[in-house]
Amino acid sequence: MPELPEVETVRRGLQPFLSGARIRKVDLRRPDLRFPLPPDFARRLTGASVDALGRRGKYLFATLSTGETLIMHLGMSGRFTVTGAAVRRQPGEFHFAGSTDPAHDHVAIDVTGPQGPARVTYNDPRRFGFMDLEDTMTLDRSRHFAGMGPEPFDEGFTAASLKASLTGRKAPLKAALLDQAVVAGLGNIYVCEALWRSGLSPRRQAGRLSVASAGRLHAAIRSVLEDAIEAGGSSLRDFASADGALGYFQHRFSVYDREGEPCLRCGAPVRRFTQGGRSSFACTKCQK
DNA sequence: CGATTAACCTGGAAGC
DNA sequence: TGCTTCCAGGTTAATC
């Protein structure tokens with residue numbers, strides 16, 4: 001589910017509980033999420049302090065005092081919730097206070113932090129998310145981060161660099177922008193929204209952008225992500241930040257999930273079509 | 001090498 | 001009500 005704004009919202013929600021906290025206990029309900037958890041996962045976390053909570057693209061990561069970094073990806077349906085102190089547990093069975101979906105609570109991390117004791121629970125019905133441990137020193141070269149494109153808000157991400165990374169690409173803009181090697185953090189929603197803001201068709205060949213179009217696209221990517229972060233992300237279904245608050249950017253979608261509704265710029269109906277097996281939404285009248 | 005498709009997994013909504 | 005089909009915010013191995 002979550003794209004950059006949602007992951008950033010989660011990061012900000014978890015930070016007060018995790019940053020500076022010591023990990024007391026890690027409970028695993030199953031040995032794998034999308035992939036097997038790394039060997040001795042719980043043991044390598046237990047006793048560690050969290051130095052900082054960061055984000056790279058759609059990845060969340062916690063830098064630990066042990067020299068390792070806990071890498072987390074929420075996949076399509078992953079979410080974190082924070083609850084108070086651990087409650088009673090029956091043998092062989094998990095139950096977390098306040099959980100509305102214990103069947104998909106896969107990992108629970110008990111911490112003592114600046115806010116006192118807390119339990120951070122990872123819930124993920126579809127289990128497309130995953131966690132891993134990597135050496136902090138080589139994090140940027142780790143299998144998850146190597147080859148990832150620039151952060152949208154980094155200085156290194158410019159209209160010129162965007163145009164350069166798209167040069168030679170024959171794929172449509174939609175597919176190219178979903179490629180995390182071009183720019184990190186965009187997913188289906190924000191690609192659709194950024195293309196609408198820049199007046200470009202998702203079907204446009206990525207390698208054939210003018211300098212002016214690349215400039216508009218670059219600005220649109222930053223502005224839509226910025227607006228979405230400010231809104232606390234988008235809450236499709238029931239996505240919530242770690243403090244339980246719902247993001248509200250979904251109410252500001254210009255095209256995503258607005259098939260048949262009028263384009264906010266020209267009034268023509270928003271169209272939905274499939275690209276690479278996924279829905280694209282666009283105004284075919286004013287997005288060229 | 002780049003582009004496209006299928007698969008991973010589950011639940012909710014829509015259709016009959 | 002119950003069954004079937006489609007769809008979903010991501011990533012990636014396999015295939016073209």
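We name chains A, B, ... by the order of the sequence lines, and we start the count at 1 in each one. Everything numeric in this text was worked out from a predicted model, so none of it was measured.
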Could you state the [atom1]-[atom2] distance from [X] to [N], rounded to the nearest angstrom?
X        : N      : atom1 : atom2 : value
A:Asp105 : B:dT10 : CG    : C1'   : 15 Å
A:Leu4   : C:dG10 : CG    : C1'   : 14 Å
A:Asp179 : B:dT4  : CG    : P     : 12 Å
A:Leu177 : C:dG9  : CG    : P     : 16 Å
A:Met148 : C:dG10 : CE    : P     : 13 Å
A:Asp132 : C:dG10 : CG    : C1'   : 17 Å
A:Phe130 : B:dC9  : CZ    : P     : 15 Å
A:Met72  : C:dT11 : CE    : C1'   : 18 Å

Of the listed nucleotides ([options]), which one gets closest to any side-chain atom of [X]?
X        : options               : result
A:Arg272 : C:dT11, B:dT10, C:dC7 : C:dC7
A:Lys58  : B:dA3, B:dC9, C:dG10  : C:dG10
A:Asn188 : B:dG11, C:dG9, C:dT11 : C:dG9
A:Arg126 : C:dG9, C:dC7, B:dC9   : B:dC9
A:His73  : B:dT10, C:dT11, C:dG9 : C:dT11
A:Arg278 : B:dA3, C:dG9, B:dG11  : C:dG9

Taking only N and O in the side chain of [X], is any of them less than 4.0 Å away from OP1 or OP2 of [N]?
X        : N      : answer
A:Gln180 : C:dT11 : yes
A:Tyr190 : C:dG9  : no
A:His104 : B:dG11 : yes
A:Ser279 : C:dC7  : no

So for atom CZ, which belongs to A:Arg222, do other residues, nucleotides or ligands contribute more than 12 heavy atoms lying within a distance under 6.0 Å?
yes
Which part of the nucleic acid does [X] contact within heavy-atom distance under 4.0 Å: base, sugar-phosphate only, or nothing?
X        : answer
A:Arg143 : nothing
A:Arg34  : base
A:Arg127 : sugar-phosphate
A:Gly187 : sugar-phosphate

Validation row, ring centre A:His106 to ring centre A:Phe130 under 6.0 Å:
no
Quantified in whole Å, what is the P atom distance between nucleotide B:dA6 and nucleotide C:dC6?
14 Å
Re B:dG15: Watson-Crick or G-U wobble partner, both distances kept under 3.5 Å, found to be C:dC3
Considering Watson-Crick and G-U wobble pairs with both distances under 3.5 Å, what does C:dG9 pair with?
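Matched C:dG9 with nothing under the 3.5 Å cut-off.
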Is the shortest side-chain N to carboxylate O distance from A:Glu68 to A:Arg44 below 4.0 Å?
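Salt bridge present between A:Glu68 and A:Arg44.
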Pair A:Glu151 + A:Arg56: basic N to acidic O under 4.0 Å
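So A:Glu151 pairs with A:Arg56 through a salt bridge.
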Taking atom types as modelled, is there a side-chain donor on A:Ser201 or A:Lys288 under 3.5 Å from an acceptor on the other?
no
Pairwise side-chain contact, A:Tyr59 with A:His144, heavy-atom cut-off 4.5 Å (strictly under)
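Counting from C-beta outward, A:Tyr59 and A:His144 do come under 4.5 Å.
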For the side chain of A:Arg169 and the base of B:dA3, is some donor closer than 3.5 Å to an acceptor across the two?
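Not at all, since no donor on one side and acceptor on the other fall under 3.5 Å apart.
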Examine A:Val26 and A:Leu60 and state if one hydrophobic cluster contains both, with Ile, Leu, Val, Met, Phe, Trp and Tyr joined whenever side-chain heavy atoms are less than 4.5 Å apart.
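Same cluster.
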Looking at B:dC8 and A:Phe128: do their rings stack (centroid distance under 5.5 Å, interplanar angle under 30°)?
yes
